[in-house]
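Below you'll find the structure I mean.
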Amino acid sequence: TTDGTVLWSDKLKNAAKESYPVVASSRDGIFVAGSFENRQVYVKRVNEAGQTLDSFATYTAPRRCAVAQMTTLPDGGVVLGINLSGGKNAARLVRLGPGGNVVWDKAIDGEATIADLTLLRSGVVVVAGTSDDPTTLETGAWLRAFDDSGAQIGEILPETSGQTRAGGVTLDQDGGVYFAYSPVDESIPAQPVPVIVERIRVD
């Protein structure tokens with residue numbers, strides 16, 4: 001409530017060895033997503049009337065995984081950003097329909113890790129992430145756009161030179177996004193690094 005009193009709570013019954021969950025909301029509902037038992041991703045929908053977390057969908061990843069971020073879609077579905085571990089970095093975008101079915105499942109190019117994602121009013125999903133270059137062993141942040149079929153339609157790299165790591169991305173109110181990232185400092189002892197925010201028109 002507005003004074004901080006808990007109205008109700010519910011626990012996930014099958015979330016042994018659970019990774020940190022994420023939450024997203026829209027007019028179609030509030031969704032909670034996470035992973036358990038290394039490779040299993042769950043998506044729950046908040047049932048306010050029943051005061052429970054109801055099952056919406058499950059997804060089995062190719063290997064150990066964690067849900068990085070999620071966004072809801074106008075049709076009642078969601079897009080999940082999933083990072084795979086237990087080997088070289090890899091990431092996937094998974095689109096679930098309003099019934100919880102997998103509409104598409106796309107691998108992100110490169111040895112990538114997703115940091116954040118957001119949905120534009122046009123339906124384009126914008127993803128902030130970082131990739132490791134196996135040739136130079138350097139790390140670089142990026143911002144990529146994906147259409148409603150999961151195809152990559154654009155990429156923007158930070159204006160800052162050198163190694164960078166992505167933080168977050170969120171909508172502005174004028175057809176673009178704010179993209180946050182930081183330079184990578186490998187000095188010993190580590191030195192403070194700035195947080196850089198770029199405002200980018202993506203329409």
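Every heavy atom of this structure was used, including side-chain atoms; hydrogens, water molecules and symmetry mates were not.
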Could you state the interatomic distance from CZ (Arg144) to CD (Glu155), rounded to the nearest 0.5 Å?
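So the gap between those two atoms works out to 4.5 Å.
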
Test item: Val127 and Phe146 side chains (from C-beta on) under 4.5 Å apart, heavy atoms:
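The answer is yes, as the side chains (C-beta and beyond) meet within the 4.5 Å cut-off.
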
Would you say that Pro194 contacts Pro183 through its side chain, given a criterion of any heavy-atom pair below 4.5 Å between the two side chains?
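Yes, side chains in contact.
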
Report the C-alpha separation of Val32 and Phe56 in whole Å, then their side-chain angles, then the decisive distance to 0.1 Å, and conclude whether the side chain to side chain contact (heavy atoms under 4.5 Å, CB included) test is met.
CA-CA 9 Å; Val32 181; Phe56 177 74; over 6 Å; no

Test of understanding: clusters of I, L, V, M, F, W, Y form through side-chain heavy atoms closer than 4.5 Å, transitively. Do Trp142 and Leu93 belong to the same one?
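The answer is yes; both residues are in one hydrophobic cluster.
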
Taking all non-hydrogen atoms of both residues, which atom of Ala57 and which atom of Gly100 are closest, and how far apart?
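That closest heavy-atom pairing would be CB-O, 3.3 Å.
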
To check you understand the geometry: which heavy-atom pair defines the closest contact between Ala128 and Ala166, and what is its length?
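Shortest heavy-atom contact: C-CB, 4.1 Å.
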
Is the closest side-chain heavy-atom distance between Thr72 and Phe31 below 4.5 Å?
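Yes, at least one pair of side-chain atoms sits under 4.5 Å.
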
More than 12 heavy atoms of other groups within 6.0 Å of Arg64 CZ:
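No, the 6.0 Å shell around CZ holds no more than 12 heavy atoms from other groups.
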
For a side chain to side chain contact (heavy atoms under 4.5 Å, CB included) check, start with the C-alpha distance between Thr60 and Val41, then their side-chain angles and the critical distance, and finish with the verdict.
CA-CA 6 Å; Thr60 302; Val41 173; over 6 Å; no

Do Ile200 and Leu120 sit in one hydrophobic cluster, given that two such residues count as connected whenever their side-chain heavy atoms are within less than 4.5 Å of each other, even indirectly?
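Yes, same cluster.
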
Test: Arg199 and Asp172 ion pair at under 4.0 Å:
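The answer is yes: the pair qualifies as a salt bridge.
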
Short question: side chain of Asn47, backbone of Thr52 - any donor-acceptor pair under 3.5 Å?
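No, because the side chain of Asn47 does not come within donor-acceptor range (under 3.5 Å) of the backbone of Thr52.
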
Give a yes or no answer on whether the side chain of Thr139 reaches the backbone of Thr164 with a donor-acceptor pair at less than 3.5 Å.
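No, Thr139 side chain to Thr164 backbone: no donor-acceptor pair under 3.5 Å.
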
Mind running side-chain hydrogen bond (donor to acceptor under 3.5 Å, both in side chains) on Gln40 and Thr58 for me, showing each step along the way?
CA-CA 7 Å; Gln40 301 299 313; Thr58 58; 5.8 Å; no

Nearest 0.5 Å please: distance from the CG atom of Asp105 over to the CZ atom of Arg92.
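Going from the CG atom of Asp105 to the CZ atom of Arg92 covers 4.0 Å.
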
Side-chain heavy atoms of Leu53 within contact of Val46, under 4.5 Å:
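Heavy-atom side-chain distance check passes, below 4.5 Å.
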
Rounded to the nearest 0.5 Å, how far apart are OG of Ser55 and OH of Tyr42?
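So the gap between those two atoms works out to 11.5 Å.
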
Can you tell me how far CD of Glu198 sits from CZ of Phe179, rounded to the nearest 0.5 angstrom?
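Reported to 0.5 Å precision, the distance equals 7.0 Å.
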
If the threshold is 4.0 Å, N to carboxylate O, is there a salt bridge linking Arg165 and Asp185?
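Here Arg165 does not pair with Asp185 in a salt bridge, since their nearest N and O are not under 4.0 Å apart.
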
Steps toward side chain to side chain contact (heavy atoms under 4.5 Å, CB included) verdict (Asp109, Gln152)
CA-CA 9 Å; Asp109 291 340; Gln152 182 178 322; 4.3 Å; yes

Can you tell if the side chain of Pro158 reaches within under 4.5 Å of the side chain of Ile196, non-hydrogen atoms only?
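Contact flag for Pro158/Ile196 side chains = no.
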
Hey, which of Leu157, Val126, Asp116 is the one that makes side chain to side chain contact (heavy atoms under 4.5 Å, CB included) with Leu143?
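Option passing the side chain to side chain contact (heavy atoms under 4.5 Å, CB included) with Leu143: Val126.
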
Please lay out, stage by stage, how Val78 and Leu73 fare under the test side chain to side chain contact (heavy atoms under 4.5 Å, CB included).
CA-CA 5 Å; Val78 301; Leu73 299 173; 5.6 Å; no

Over all heavy atoms of both residues, which pair between Glu138 and Gln163 is shortest? Give the atoms and the distance, please.
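Taking every non-hydrogen atom into account, CA-OE1, 3.3 Å.
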
Answer whether the closest heavy-atom distance between the side chains of Val43 and Leu96 falls below 4.5 Å.
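The answer is yes; the side chains approach within 4.5 Å.
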
Is there a path of hydrophobic side-chain contacts, each under 4.5 Å between heavy atoms, that joins Tyr59 and Val103?
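No, Tyr59 and Val103 fall in different hydrophobic clusters.
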
Would Tyr181 and Thr130 count as a side-chain hydrogen bond (donor to acceptor under 3.5 Å, both in side chains) if you check the C-alpha gap in whole Å, the side-chain angles of each, and the deciding distance to 0.1 Å?
CA-CA 10 Å; Tyr181 63 92; Thr130 303; over 6 Å; no

Of the non-hydrogen atoms in Ala61 and Leu84, which two are nearest, and what is the gap between them?
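In terms of heavy atoms, the two residues are closest at CB-CD2, 3.9 Å.
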
Work out which heavy atom in Ile114 is nearest to a heavy atom in Gly81; give both atom names and the distance.
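Reported closest heavy-atom pair: CD1-CA, 3.7 Å.
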
OG of Ser149 to CZ of Arg95: how many Å apart, nearest 0.5 Å?
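Result: 10.5 Å between the selected atoms.
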
Starting at OG1 of Thr71, measure out to CG of Leu117 and round the result to the nearest 0.5 Å.
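Separation between the atoms: 6.5 Å.
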
If two hydrophobic side chains count as joined below 4.5 Å and joins carry through other members, does Val22 share a cluster with Val169?
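No, Val22 does not connect to Val169 through the hydrophobic network.
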
Nearest heavy atoms of Ala66 and Ser35, plus distance in Å:
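Reported closest heavy-atom pair: CA-OG, 3.9 Å.
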
Between Phe36 and Ile82, is there shared hydrophobic-cluster membership here, with clusters defined by ILVMFWY side-chain heavy atoms closer than 4.5 Å?
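Result: no, two separate clusters.
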
